[in-house]
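Take a look at the structure below.
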Amino acid sequence: DQCDACGKLINAVELIEPYCIACKTRPSVRTSNHLFLDLPKLEDKVAGFYKERTESADCKWTQVAQSIARTWIRDGLKPRCITRDLKWGVPVPLESFKN
């Protein structure tokens, strides 16, 4: 997950006394498999793309989008999870992700 205000990635198990605001129950930690984009391998290309797009005279990026992207690039891109433990969404076509 990430902060909606600044884009900082949040590790849910590091939260102090987390609880659901709807039902007040506390989350439990479970093991699961996920697929990740290896963004550190793409860092130079992403930084170049960011620079090209944001320095363009017809840049369409909002200031918030530019700020979040600039922070991620400055701090070094991290592997990004692209799967979730949900019953709905786009299925992953791999046997180990069937359920």
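Sorted by first then second residue, the side-chain hydrogen bond (donor to acceptor under 3.5 Å, both in side chains) pairs that include residues 65-74, not counting sequence neighbours, are Tyr50-Arg70. Residue pairs meeting the salt bridge (Lys or Arg N to Asp or Glu O under 4.0 Å) criterion with at least one member in residues 31-44, sequence neighbours excluded: Asp38-Lys41.
Qualifying side chain to side chain contact (heavy atoms under 4.5 Å, CB included) partners for Leu35, counting only residues two or more places apart in sequence or in other chains: Ile82, Thr83, Val92, Leu94, Phe97. Every residue meeting the side-chain hydrogen bond (donor to acceptor under 3.5 Å, both in side chains) condition with Asp85, not counting sequence neighbours, appears here in chain and number order: Ser32. Evaluation of the side chain to side chain contact (heavy atoms under 4.5 Å, CB included) rule for Leu39 yields Leu37, Leu42, Leu77, Arg80 as partners, not counting sequence neighbours. Not counting sequence neighbours, the partners of Thr62 by the side chain to side chain contact (heavy atoms under 4.5 Å, CB included) test are Val64, Ala65. Remark: Ser56 engages Asp58 in a side chain to side chain contact (heavy atoms under 4.5 Å, CB included) (not counting sequence neighbours).
Taking 4.5 Å as the limit, some side-chain heavy atom of Phe36 sits within range of a side-chain heavy atom of His34.
Across Pro79 and Pro40, no two heavy atoms sit closer than the pair N-CD, 3.8 Å.
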Could you list the donor-acceptor pairs under 3.5 angstrom formed by side chains in residues 17-26, with sequence neighbours left out?
| residue | atom | partner | partner atom | Å |
| --- | --- | --- | --- | --- |
| Lys24 | NZ | Ile21 | O | 3.2 |
| Arg26 | NH1 | Glu17 | O | 3.1 |
| Arg26 | NH1 | Pro18 | O | 2.8 |

